[in-house]
J.: 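The structure under discussion is supplied below as structure tokens; questions concerning it will follow.
We count residues from 1, following the sequence as given. For ligands, and for the atoms within them, numbers begin at 1 and follow the listed sequence.
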Amino acid sequence: MLQLTSLSDIRQHTERLRQQGKRIGFVPTMGALHDGHLSLIRAANRQNDVTVCSVFVNPAQFNNADDYRLYPRLLGADAEMLEQAGCDVLFAPSPEEMYRHQAKLSFDFGELERVMEGAHRPGHFNGVALVVSKLFHLVKPHQAFFGQKDLQQFAIIRQLVQDLSFDLELVCFPIIREADGLAMSSRNRRLTPAQRAVAPKLYEALQIAQAKLQAAASVEEAKQAAVAFLASFPEMSLEYLEVVDARSLQPVPDLTAGQEVALCLAAFLGEVRLIDNLLLQPQANS
Ligand code: AMP
């Protein structure tokens with residue numbers, strides 16, 4: 001596996017690959033890789049000639065200095081995992097290399113970012129859009145792979161690709177979970193054993209809300225049931241739990257036939273902030 005750190009090296013390398021007629025699959029990550037990331041690498045391998053993975057803890061998308069400082073950085077182990085998964089190129093620039101010039105451009109995704117992650121993490125999606133735009137220009141992928149884990153991020157990037165006419169296909173893959181249901185996340189490494197033990201309750205809460213909705217409860221009742229369940233775990237502090245349209249991410253007051261809906265939440269376990277979501281199958285027309 002080729003490892004590159006400079007913008008000029010990755011630019012030249014992917015340009016050469018394109019000239020050779022190779023299809024490039026791209027998986028952007030912040031490292032501390034787990035099976036969720038590797039599922040994206042394997043998908044990229046299957047559908048492309050060359051897989052490029054970036055590992056970059058992007059300072060521009062953190063709205064909390066401690067979260068940035070304490071984000072796990074494990075480049076050596078990441079490189080080994082990527083090599084074993086069949087990744088061809090690892091691009092791991094330093095923040096100084098990535099942001100040689102202070103960026104002045106800012107993005108506004110309108111109502112897409114006024115809810116959930118955008119509402120609770122000011123500037124987060126601006127930083128995401130900035131780094132993803134830079135990476136798309138540098139890597140020039142034919143396909144870029146993202147996880148449903150970050151559902152709102154995917155919606156933002158879909159809008160970005162559409163608005164800026166990036167010539168690539170976006171692919172979204174399902175959430176990979178631990179055996180007890182906890183969504184895999186690099187931040188799980190920061191949980192204490194006690195926090196780790198209750199963390200799967202987040203997924204249980206989503207399942208409780210889902211079961212309620214499937215039993216024809218109202219959105220409000222479903223949310224209340226999940227919130228009440230989580231309230232019994234003092235280690236956990238729920239930030240939001242929303243029932244939203246799966247594309248527009250706007251809260252839905254009640255389910256409508258044919259509408260794809262997502263249950264989304266964010267919660268703190270101590271200082272560690274976790275997110276999770278569940279897609280509900282569209283209701284059949286009645
Ligand atoms: P991150 O390193 O957290 O920025 O994630 C990089 C990519 O991996 C994003 O597209 C995430 O949505 C995706 N991802 C993170 N966790 C999971 C998971 N548990 N299952 C599937 N994809 C994931």
J.: Do any nitrogen or oxygen atoms of M184 lie less than 3.5 angstrom from nitrogen or oxygen atoms of ligand 1?
T.: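 Yes, there is a polar N/O contact under 3.5 Å.
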
J.: Apart from L40 itself, what residues make up its hydrophobic cluster when side-chain heavy atoms of I, L, V, M, F, W and Y under 4.5 Å apart count as a link, directly or indirectly?
T.: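 For the cluster that includes L40, the remaining residues are M1, V27, L33, L38, I41, V55, L75, M81, L82, L90, F145, V171, F173.
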
J.: Record the part of H34 in heavy-atom contact with ligand 1 below 4.0 Å; permitted values are side chain, backbone, both and neither.
T.: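 Only the side chain of H34 comes within reach of ligand 1.
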
J.: Among all protein heavy atoms, pick the one closest to atom 20 (N) of ligand 1 and tell me residue, atom and distance.
T.: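 Closest protein heavy atom to atom 20 (N) of ligand 1: I176 N, 2.8 Å.
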
J.: Looking only at distances, please establish whether an N/O atom of ligand 1 is found under 3.5 Å from an N/O atom of D150.
T.: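 Yes, D150 has an N/O under 3.5 Å of an N/O on ligand 1.
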
J.: Return a yes/no value for G147: is any of its N or O atoms, backbone included, closer than 3.5 angstrom to an N or O of ligand 1?
T.: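 Yes; the residue has a nitrogen or oxygen that sits under 3.5 Å from a nitrogen or oxygen of the ligand.
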
J.: What part of L40, side chain, backbone, both or neither, has a heavy atom within less than 4.0 angstrom of ligand 1?
T.: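 Within the 4.0 Å criterion, L40 contacts ligand 1 through side-chain atoms alone.
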
J.: Determine the interplanar angle of the F229 and F233 rings, folded into 0 to 90°, and report it as parallel if under 30°, tilted if 30 to 60°, perpendicular if over 60°.
T.: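 Correct class here is perpendicular.
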
J.: Ring of F166, cation from R158 - is the NZ or CZ under 6.0 Å from the centre and inside 45° of the axis?
T.: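 No; the conditions do not both hold, so R158 does not lie above the ring face of F166.
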
J.: Holding to salt bridge (Lys or Arg N to Asp or Glu O under 4.0 Å), I want the full list of residues that pass it with D276, two or more places apart in sequence or in another chain.
T.: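 D276: salt bridge (Lys or Arg N to Asp or Glu O under 4.0 Å) contacts with R177.
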
J.: Between K140 and E15, does any NZ, NE, NH1 or NH2 come within less than 4.0 Å of an OD or OE carboxylate oxygen?
T.: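 Yes, this pair counts.
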
J.: Using heavy atoms and a threshold below 4.0 Å, how should the contact between H37 and ligand 1 be classified: side chain, backbone, both, or neither?
T.: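 The answer is the side chain.
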
J.: Among all protein heavy atoms, pick out the one at the shortest distance from atom 14 (N) of ligand 1; state its residue, atom name and that distance to 0.1 Å.
T.: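 The closest heavy atom on the protein side is K149 CB, 4.3 Å.
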
J.: Should the pair R273-E117 be classified as a salt bridge under the 4.0 Å nitrogen-to-oxygen rule?
T.: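 Salt bridge present between R273 and E117.
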
J.: Is it the case that one hydrophobic cluster holds both V131 and V57, taking links as side-chain heavy atoms less than 4.5 Å apart, direct or via other members?
T.: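 No.
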
J.: Is it the side chain, the backbone, both or neither of P28 that has a heavy atom closer than 4.0 Å to ligand 1?
T.: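 Within the 4.0 Å criterion, P28 contacts ligand 1 through backbone atoms alone.
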
J.: Would you mind listing which atoms of ligand 1 come within a distance below 4.0 Å of any non-hydrogen atom of F146?
T.: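 Those qualifying, in numeric order: 10 (O).
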
J.: Do the ring planes of Y99 and F56 sit parallel (below 30°), tilted (30 to 60°) or perpendicular (above 60°)?
T.: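 Judged by the thresholds at 30° and 60°, the geometry between Y99 and F56 is tilted.
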
J.: At a non-hydrogen distance cut-off of under 4.0 Å, which region of P174 contacts ligand 1 (side chain, backbone, both, or neither)?
T.: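 Just the backbone.
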
J.: List every atom of ligand 1 that sits less than 4.0 Å from any heavy atom of M30, numbering the atoms from 1 in the order shown and giving each element.
T.: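 Reading through ligand 1 atom by atom, the close ones are 1 (P), 2 (O), 4 (O).
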
